[in-house]
Amino acid sequence: MFRALAHCAVNVARASRPTVTQRVITPSLVVCAQRNASGGGVMSDEEFDSRWVEFFSKQDIDDWELRKGVNTLIGYDLVPEPRIIVAILQACRRLNDSASAVRVLEVIKSKSGPRAKEIYPYVLQEIQPTLDELGIKTPEQLGLA
Amino acid sequence: MAHQLMRAVPRLVARRAFSTSLARAGGGAGGMPAWQVNPRNVYEDRPDFPMPNVPYVSELSDAQKALKAKEAGDWKSLSDEELKELYRLKFHKTLAEAEAPTGEWKTVVGGTSLIIALTFVLYIIQKKYAMPAMPETCNYEWQEAMMKKQLQMRNNPVEGLASKWDYENNKWK
């Protein structure tokens, strides 16, 4: 979850900086527990992420569920965690839908809003292994499709 | 969405027919008339609804169908152009293109200014040719005389008009 408050994740990331000459982008944002507007139970960020990953990891996910999931997820006031994005991209692969995969990447940039320059490259960096594995190109690589 | 339906209605009403043969009027999916289509199934590029319920192009040519079949295989074997074409089959504009400024404000400001300018022209024409002459009492000499009378009457001598007139020297203070 990207909630702009203090920074604590930065120190952890700096400690494990790789020795390879590769620019590592570290976010200067921290997570906080998600509060339910209806006054119900508090769901932790990890649980929220896990439930969404589980939703998209369904092996026989269908077209409608993918669309419903993505449209709902981007309705929340957050940029989805990279591992949720990975699950979405793999769901697109199962559905043979490369166009939706590119659309999802565009949506990440759109959801990042004014902080797109920090968040979008970070997310791309985190999901790069999946992009390489599945052969998905970013909108920029395609000339914004 | 709604405006597509609105456009279709007069056409259908004018032809006085509701059969499916005239269904091509505006947005009919699967040959249905526009007012029978579920509005949620009309394609629209929206940043807050990135995956519409229908693809942009639903009737594929043979070449496009072949491309779709290729999509079922390894995506690394698809060239950039093919990936772009697959994208454009499913979506009309990218989110960036959909959010891009249209410059519509120029049309609005220009159109409004034009109409206001036209109003001025019409007013001038009507003032010159249509409206009767102003009464005699509105000319400058008459107004001067009226004010002189007000001063003679000492109208508002403390805070108003007569208080601003210097009676000894017969001029304004």
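In what follows, chains carry the letters A, B, and so on, assigned in the order in which the sequence lines appear, proteins first and then strands, with residues in each chain numbered from 1. Keep in mind it's a predicted model, so treat the numbers as computed, not measured.
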If you draw a 6.0 Å radius around [atom1] in [X], do more than 12 non-hydrogen atoms from other residues or ligands fall strictly inside?
X       : atom1 : result
K68(A)  : NZ    : no
Q126(B) : CD    : yes
K117(A) : NZ    : no
Q152(B) : CD    : yes
M134(B) : CE    : no

Do [X] and [Y] share a hydrophobic cluster, counting only Ile, Leu, Val, Met, Phe, Trp and Tyr and linking them when any side-chain heavy atoms are less than 4.5 Å apart?
X       : Y       : result
L161(B) : M153(B) : no
Y76(A)  : V70(A)  : yes
Y43(B)  : L86(B)  : yes

Check each atom of K70(B) against the heavy atoms of chain A and say whether the ones under 4.5 Å are side chain, backbone, both or neither.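 Neither part; nothing is under 4.5 Å.
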Less than 4.5 Å to any heavy atom of chain A: does that hold for the side chain of E99(B), its backbone, both, or neither? side chain
Could you tell me whether a side-chain N or O of N71(A) sits under 3.5 Å from a main-chain N or O of M51(B), the two making a donor and an acceptor?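 At least one qualifying donor-acceptor pair exists.
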Taking atom CG of L83(B) and atom NZ of K137(A), what is their separation to the nearest 0.5 Å? 6.0 Å
Rounded to the nearest 0.5 Å, how far does CZ of F49(B) lie from CD1 of I74(A)?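 It is 9.0 Å, given to the nearest 0.5 Å.
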Any idea which heavy atoms bring N96(A) and W75(B) closest together, and the distance?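 Shortest heavy-atom separation between N96(A) and W75(B) comes out as C-CZ2, 4.0 Å.
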Quick one: closest heavy-atom pair of E71(B) and A99(A), and the distance?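 Taking E71(B) first and A99(A) second, the nearest heavy atoms are OE2-N, 3.9 Å.
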Which answer fits S98(A), side chain, backbone, both or neither, if we ask what part of it has an atom under 4.5 Å from a heavy atom of chain B? both
Does F91(B) have R103(A) sitting over its ring (NZ/CZ under 6.0 Å from centre, angle to axis within 45°)?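 Judged by the rule, R103(A) and F91(B) form a cation-pi pair.
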Among the listed options L134(A), D97(A), V107(A), the residue most often paired with chain B at heavy-atom distances under 4.5 Å: D97(A)
Note, P50(B) side chain near E106(A) side chain (heavy atom, < 4.5 Å):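 P50(B) vs E106(A): side chains apart.
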Sub-4.5 Å side-chain heavy-atom contact between Y87(B) and L142(A): no
